[in-house]
Chemist: 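Just passing along the structure, written as structure tokens.
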2 protein chains.
Amino acid sequence: MAKGKVDRRVQRTRQLLHDALIDLILEKGYDRTTVQDIIDRANVGRSTFYAHYLDKQDLLESGLARLREELGQNLAGDDGAEGAEWMLLPSLALFRHTGQQHHLFRAMIGGTGIDVVVKTIDEALTAHAQALLDQLIAERGQPCVPPRVMVTYLVGALMALLTWWLDNDMPYPPEQMDQTFRELTVSGVAAVFGETQ
Amino acid sequence: MAKGKVDRRVQRTRQLLHDALIDLILEKGYDRTTVQDIIDRANVGRSTFYAHYLDKQDLLESGLARLREELGQNLAGDDGAEGAEWMLLPSLALFRHTGQQHHLFRAMIGGTGIDVVVKTIDEALTAHAQALLDQLIAERGQPCVPPRVMVTYLVGALMALLTWWLDNDMPYPPEQMDQTFRELTVSGVAAVFGETQ
DNA sequence: ATTCATGTCGAACATGCTGTTCAGTAACTA
DNA sequence: TAGTTACTGAACAGCATGTTCGACATGAAT
């Protein structure tokens with residue numbers, strides 16, 4: 001015992017609850033989903049729910065580790081792309097990955113998204129950008145603006161593009177969104193109007 | 001009658017409810033504030049509350065018109081600043097204005113902010129930037145990226161800087177935040193590292 | 001296969017907030 | 001001052017929460 005083995009019944013119950021939550025988020029949104037809904041949908045006893053999770057939020061967060069992991073893997077291979085010298089964020093992979101599961105991601109980070117999910121993705125991207133920026137600083141010296149502010153700027157802009165893109169039914173392909181993001185971040189507004197400055 | 005005059009009692013009640021809501025938002029956050037809290041704090045009867053507003057959200061939104069108006073006035077004079085050719089957003093005025101009432105704005109748009117408030121400010125900034133961008137396009141022709149995406153990018157980045165700044169106790173003066181935002185938007189990441197590109 | 005631990009069920013319960021109703025009372029307007 | 005309008009306060013039904021408990025079912029271990 002104590003061998004890390006989890007009782008089949010426990011696995012089953014947790015799976016049912018997670019699936020029910022995702023279903024309901026897609027159907028009626030996170031906020032309007034109640035614990036009552038979840039246990040009805042999962043066909044699980046009320047007391048069973050509270051034996052596993054503190055509340056709705058706790059259930060959601062227990063599924064976030066998986067999301068983070070999955071996202072991390074999908075985003076990892078995007079760094080070494082050609083001409084990526086100034087690219088501090090895996091934007092192409094992000095657009096592609098979220099676009100593939102756009103129903104889910106739209107429900108989770110679009111419109112009135114789920115705060116804790118947005119925060120999770122935000123933090124992951126921030127950590128990523130911060131690391132690459134540190135590297136860049138080592139190579140090229142300090143930029144003329146506070147690095148932390150720069151990271152906030154980049155992540156904020158990317159998250160805005162992403163949620164807008166999902167909310168508006170992905171009117172451009174991931175490649176174009178990535179391209180646009182790159183041009184704006186690297187060269188700025190002046191350059192996209194054809195200025196050499 | 002029907003002369004636009006509002007009964008003093010009505011004015012009084014609404015003022016009490018609005019004040020109570022703001023108080024409670026600052027004290028315990030919007031989400032944790034209940035209608036019960038509000039009417040207790042305002043010392044107003046339960047039925048009176050529902051005679052004026054549908055629910056907590058309705059009360060909040062009824063106060064948003066004022067915020068929008070006030071914000072609009074404070075932000076209006078920031079456009080014609082020197083060297084503002086590429087500046088599509090009144091960032092300096094925004095940092096100054098929110099910084100002055102940072103307790104309130106932090107509670108409303110920082111950390112776990114209030115969705116509808118964030119959306120209101122976001123929309124106001126978006127409309128502002130969109131208008132200036134149209135003007136710029138008339139002068140200089142089409143940029144090489146979709147204008148709507150550009151607006152989303154700029155507003156998203158600015159909102160990110162603003163919330164970060166408020167959440168972190170305004171570690172830089174408004175002028176520096178504005179300056180940083182300008183440099184990143186206008187010239188991009190490459191330029192802040194001293195590249196001429 | 002039997003045993004024993006553990007998970008689940010389902011019902012009941014106290015609690016708290018919501019939104020509505022209504023008769024009585026107070027305050028404002030004209 | 002008269003008449004309209006707003007507020008009060010209490011009561012009510014509805015619903016979701018989170019807890020508890022004994023009965024039951026299913027798993028793991030020998």
Side-chain angles (χ1 to χ4, degrees), chain A residues 1-64 107 112 114-117, chain B residues 1-64 107 112 114-117:
Chain A
M1 60 186 67
K3 187 108 172 298
K5 283 257 185 164
V6 180
D7 194 311
R8 283 179 202 166
R9 290 167 295 179
V10 173
Q11 293 180 34
R12 188 189 96 102
T13 297
R14 290 189 180 156
Q15 189 63 51
L16 285 170
L17 289 172
H18 276 115
D19 291 349
L21 178 59
I22 297 296
D23 269 18
L24 289 162
I25 287 175
L26 289 170
E27 264 182 49
K28 53 196 291 197
Y30 177 73
D31 288 333
R32 272 187 297 279
T33 298
T34 70
V35 173
Q36 194 66 50
D37 293 330
I38 299 169
I39 62 180
D40 286 350
R41 177 66 58 98
N43 208 26
V44 152
R46 180 166 203 70
S47 46
T48 305
F49 177 93
Y50 287 105
H52 288 278
Y53 306 103
L54 294 171
D55 48 30
K56 188 177 67 165
Q57 165 114 345
D58 192 33
L59 169 60
L60 176 68
E61 284 177 17
S62 81
L64 245 51
T112 300
I114 310 169
D115 226 61
V116 65
V117 176
Chain B
M1 62 184 64
K3 187 109 175 299
K5 282 257 183 167
V6 180
D7 195 312
R8 283 180 203 166
R9 290 167 295 179
V10 173
Q11 292 181 35
R12 189 190 96 102
T13 297
R14 290 189 179 154
Q15 189 62 52
L16 285 170
L17 289 172
H18 276 115
D19 291 349
L21 178 60
I22 297 297
D23 269 18
L24 288 162
I25 286 176
L26 289 169
E27 265 183 48
K28 54 195 294 196
Y30 177 73
D31 289 333
R32 273 188 296 278
T33 298
T34 69
V35 172
Q36 194 65 52
D37 293 331
I38 299 169
I39 62 180
D40 286 349
R41 177 66 58 97
N43 207 26
V44 152
R46 179 165 204 73
S47 46
T48 305
F49 178 94
Y50 287 104
H52 288 276
Y53 305 103
L54 293 171
D55 49 29
K56 189 177 65 165
Q57 166 115 342
D58 191 35
L59 169 60
L60 177 67
E61 283 176 18
S62 81
L64 245 50
T112 300
I114 309 169
D115 227 59
V116 67
V117 176

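In what follows, chains are A, B, ... by sequence order, proteins preceding strands, each numbered from 1. Scope of the values below: all heavy atoms of this structure, side chains included, with no hydrogens, waters or symmetry mates.
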Chemist: Does C/dG7 have OP1 or OP2 sitting under 4.0 Å from an N or O in the side chain of A/His52?
Modeler: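 It does not, given that no N or O in the side chain of A/His52 lies less than 4.0 Å from OP1 or OP2 of C/dG7.
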
Chemist: Go through the steps for A/Gln11 and A/Gln15 under the test side chain to side chain donor-acceptor pair (under 3.5 Å), then give the verdict.
Modeler: CA-CA 6 Å; A/Gln11 293 180 34; A/Gln15 189 63 51; over 6 Å; no

Chemist: Can you say whether a donor on the side chain of B/Ser47 sits under 3.5 Å from an acceptor on the base of C/dG19, or the other way round?
Modeler: no

Chemist: Counting the atoms with a prime plus P, OP1 and OP2 as sugar-phosphate, which does A/Arg8 contact under 4.0 Å by heavy atoms, base, sugar-phosphate, or nothing?
Modeler: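 Contact class for A/Arg8: sugar-phosphate only.
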
Chemist: How many whole angstroms separate atom NZ of A/Lys5 from atom P of D/dA28?
Modeler: 8 Å

Chemist: What verdict does the side chain to side chain contact (heavy atoms under 4.5 Å, CB included) test give for A/Asp23 and A/Asp19, after you've listed the backbone C-alpha separation in whole Å, the side-chain angles of each residue and the deciding distance to 0.1 Å?
Modeler: CA-CA 6 Å; A/Asp23 269 18; A/Asp19 291 349; 5.5 Å; no

Chemist: If you only use heavy atoms from C-beta on, which nucleotide in D/dT8, D/dC7, C/dT8 is closest to the side chain of B/Val44?
Modeler: D/dT8

Chemist: Under 4.0 Å, heavy atom to any atom of DNA chain D: which of residues 10-40 of chain B qualify?
Modeler: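 DNA chain D contact set from residues 10-40 of chain B: B/Val10, B/Thr13.
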
Chemist: Is a donor on one side and an acceptor on the other found under 3.5 Å between the side chain of B/Lys56 and the backbone of B/Ile38?
Modeler: no

Chemist: What's the closest nucleotide to the B/Asp55 side chain, out of C/dG19, C/dA11, D/dA10?
Modeler: C/dG19

Chemist: Quick one: does A/Leu64's side chain get under 4.5 Å of A/Val117's, heavy atoms only?
Modeler: yes

Chemist: Just do the side chain to side chain contact (heavy atoms under 4.5 Å, CB included) check on B/Val10 and B/His52 with the steps written out, would you?
Modeler: CA-CA 9 Å; B/Val10 173; B/His52 288 276; 3.6 Å; yes

Chemist: Between B/Lys56 and B/Asp7, which is nearer to the 5' end of DNA chain C once each is assigned its nearest nucleotide?
Modeler: B/Lys56

Chemist: Check whether any side-chain nitrogen or oxygen of A/Thr48 sits under 4.0 Å from OP1 or OP2 of C/dG7, and answer yes or no.
Modeler: no

Chemist: Treating A/Asp37 as the side-chain partner and A/Thr34 as the backbone partner, does any N or O pair qualify as donor plus acceptor under 3.5 Å?
Modeler: yes

Chemist: Return the nearest nucleotide to the side chain of A/Arg46; candidates are D/dA10, D/dT17, C/dC9.
Modeler: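 My answer, after comparing the listed nucleotides, is D/dT17.
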
Chemist: Considering just the side-chain nitrogens and oxygens of B/Tyr50, establish if one lies under 4.0 Å of OP1 or OP2 belonging to C/dG19.
Modeler: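 Yes, within the criterion.
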
Chemist: Please report the distance, rounded to the nearest Å, between CG in B/Leu54 and P in C/dT18.
Modeler: 14 Å

Chemist: So for A/Arg9 and D/dT26, does any side-chain atom that can act as donor or acceptor lie under 3.5 Å from a complementary atom in the base?
Modeler: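 Answer yes: a donor N or O sits under 3.5 Å from an acceptor.
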
Chemist: Any side-chain heavy-atom pair from B/Tyr30 and B/Gln57 closer than 4.5 angstrom?
Modeler: yes

